[in-house]
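Everything on this sheet refers to the single structure shown next.
In what follows, chains are A, B, ... by sequence order, proteins preceding strands, each numbered from 1.
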Amino acid sequence: MRLSKFHLATVKEVPADAEIVSHRLMLRAGMIRKLAAGLYTWAPLGLRVLRKVEAIVREEMNRAGAVELLMPAVQPRELWEETERWERFGGQLLKIKDRKDAEYCFGPTHEEVITDFARAELHSYKQLPLNFFQIQTKFRDEIRPRFGVMRAREFLMKDAYSFHLSADCLEREYWNMYETYSRIFTRLGLKFRAVQADAGAIGGNVTHEFHVLADSGEDAIAFSDGSEYAANVEMAEAVAPLQERPVATAPLERVATPTQKTIDEITAFLAVSSQACVKTLLVRGCTGLVALCVRGDHEINEVKAAKLAELPGESVLADEAEIIKAIGCKPGFIGPAGLPESIPVIVDRSAAALADFVCGGNADGTHYRGANWDRDARITRVADLRKVVDGDPSPDGKGHIRLARGIEVGHVFQLGTKYAEALKATVIDQSGKNHVMTMGCYGIGVSRIVAAAIEQNFDASGIVWPEPMAPWRVALCVINPKNDAAVTAAAESLYAELGVRGVDVVLDDRGLRPGGMFADMELIGIPHRVVISERGIAAGTFEYRARRDSESRQLSRDEVLALF
RNA sequence: CGGGGUAUAGCUCAGCCUGGUAGAGCGCUAGCUUUGGGAGCUAGAUGUCGAGAGUUCGAAUCCCUCUACCCCGACCA
């Protein structure tokens, strides 16, 4: 490609509200332009990168045995009613009408369509297993689109859906996809982690998210420094402390804490550590309030709490009025000692291992010190309730938990029979009976990967692409071509030779001054730069510099060619 | 949906408080000079000041309504 025939549109300024690095750099490099909230045009430069990611994803999906197809982006309401998701999917579902007032949605995902396809196409167990995939534009009407293409409303996704006769077969394909995803992100040159994730309302046994590690990531992930264990923080198990609970030594003592409500205030006022306190929260249970206790230095994990049998599937804090009515004190003074019998007390493992602890006195302005389980406070049940913290022992017993931030770029999921059942997608099995197919689904956020890669690979000058997704691998910068025909000739010759060798090369023949040219090539992150100049030609050399290098080298033509 | 903010040249923004007829930088056009880290000089072109309705002799500026966009939060199979 000759840059003079391309539309490279770098800019110096960027709107003040473009906050994260990838968004700013994508705008500055001229990769994307915003059309409306959460809607972006992929300019030629951005599209080159997007296509490279897409190609690698496609290649690896094909290699893994998946079969590509392409489904409509627009889907009829009736299909979504069969799975009852027309209403349930919520506001993210963009609903549209055609000229006859028939209703459709712009597909946020394609379980319905693929299952409809499968029920029409697949009749015999002999056709299974099968994994269909597509790379296609999705639309989710996010409440708050932000961060450019990182969380856009319209985005490019690779989604795959597999069909099986048995859960065992699904499990095999699941791990096949897991391996495939690992290969994809490795090939893309990204630092990533596969983490155990929350299966959510769908159920299913195992689900993994693939996260690109970046400080700006929206998700928190926990991983072990001593093993392969990694999980979304929502899911990461907080194991019980190794030590048994010490025996009670202190008497229960009520102390006045007139205005001290928070753990910070209590620890300062009573000169105790937060690890020696028990924090009690009241949530709305299935039948009245439920008390959840964690250690003072820990926080409740709401996802874990929501799964408790005593809770209705979500954890909602009781409000002040409810608390006063039930216990007679304000939040801030609640404790497990002396709670009404009707309130179950569910205690986190770490909190349950405390003795002689400080907790709320269940009366305004008082706390207890020297409180002990069993003797002073009832434990209905011990459970894993808290968020893991950095340094916790790893749940697999090897190493310690470290926390990192990640950007979710992939998700593999064992769906089971939910959709196949709702849509009656069956095949005839070996015994001649109808058999509901078991499904898996596997998503990759193709457009999000582009932004995530930048979050992980940039410097003060701009983007530093991993080679496999760079818009071009090599840039040839021609300096003052008008002054010396030999410079142009050398550049053209090198450009032609690299082209013949199949190197993805771009010739910057725009005639810019050197500063502008270098700044552009660095901003758009081209991994390799070769400068062709009058003084180089005189010396018989080309100047080579990798994007990550701090200095350049003088190379002969052959040496340059040997690099690629 | 709750709270906060913004909308002015192609882009990024100032001007608004305190009403008097439109600005800067970048970009763009032309010319001259310059040519290894986003050049300099000269000359130019460019605006329904988001929309509508008010107050006023006069509105980018004040009031009201609407729309779009952004930030924080809640939400995120």
Using whole Å, report how far [atom1] of [X] lies from [atom2] of [N].
{"X": "A/Glu234", "N": "B/rA77", "atom1": "CD", "atom2": "C1'", "result": "13 Å"}
{"X": "A/Glu142", "N": "B/rA77", "atom1": "CD", "atom2": "C1'", "result": "12 Å"}
{"X": "A/Asp141", "N": "B/rC75", "atom1": "CG", "atom2": "C1'", "result": "12 Å"}
{"X": "A/Glu87", "N": "B/rA77", "atom1": "CD", "atom2": "P", "result": "18 Å"}
{"X": "A/Asn483", "N": "B/rU33", "atom1": "CG", "atom2": "C1'", "result": "14 Å"}
{"X": "A/Glu302", "N": "B/rG73", "atom1": "CD", "atom2": "P", "result": "14 Å"}
{"X": "A/Lys34", "N": "B/rG10", "atom1": "NZ", "atom2": "C1'", "result": "17 Å"}
{"X": "A/Leu512", "N": "B/rG27", "atom1": "CG", "atom2": "P", "result": "11 Å"}

Side-chain contact check for A/Thr10: nearest option of B/rC76, B/rC70, B/rG38 is B/rG38
Minimum-distance nucleotide to A/Glu13 side chain [options: B/rG36, B/rG73, B/rC11]: B/rC11
Between [M] and [N] - [atom1] atom distance, rounded Å:
{"N": "B/rA77", "M": "B/rG2", "atom1": "P", "answer": "23 Å"}
{"N": "B/rU48", "M": "B/rA7", "atom1": "C1'", "answer": "14 Å"}
{"N": "B/rA9", "M": "B/rU18", "atom1": "P", "answer": "25 Å"}
{"N": "B/rG27", "M": "B/rC63", "atom1": "C1'", "answer": "38 Å"}
{"N": "B/rC72", "M": "B/rU61", "atom1": "P", "answer": "29 Å"}
{"N": "B/rG58", "M": "B/rA68", "atom1": "P", "answer": "32 Å"}
{"N": "B/rC70", "M": "B/rG50", "atom1": "C1'", "answer": "15 Å"}

Can you work out whether A/Phe518 or A/Val14 has the more 5'-proximal nearest nucleotide on RNA chain B? A/Val14
Quick check: on RNA chain B, is the nucleotide nearest A/Phe147 upstream (toward 5') of the one nearest A/Gln92, or the reverse? Name the residue that is more 5'. A/Phe147
Pairing nucleotide - B/rA59, Watson-Crick or G-U, each distance under 3.5 Å: none
Phosphate contact ([N] OP1 or OP2) by [X] side-chain N/O below 4.0 Å:
{"X": "A/Lys12", "N": "B/rG27", "result": "yes"}
{"X": "A/Arg513", "N": "B/rA39", "result": "yes"}
{"X": "A/Arg144", "N": "B/rC71", "result": "yes"}
{"X": "A/Arg146", "N": "B/rC71", "result": "no"}

Any cation-pi pair here, A/Lys95 with A/Trp86, using under 6.0 Å and within 45°? yes
Could you check whether A/Arg33 makes a cation-pi contact with A/Tyr40, meaning its NZ or CZ is under 6.0 Å from the centre of the six-membered ring and within 45° of the ring axis? no
Any chance the rings of A/Tyr442 and A/Phe413 have centres within less than 6.0 Å? no
When the aromatic ring centroids of A/His211 and A/Phe192 are compared, is their separation below 6.0 Å? no
Hey, is the side chain of A/Arg529 pairing donor to acceptor with the base of B/rG37 inside 3.5 Å? yes
Looking at residues at least two apart in the chain, or sitting in another chain, which of them share a ring pair (Phe, Tyr, Trp, His ring centres under 6.0 Å) with A/Tyr104? none
Do A/Arg119 side-chain atoms and A/Leu423 backbone N/O form a donor-acceptor pair below 3.5 Å? yes
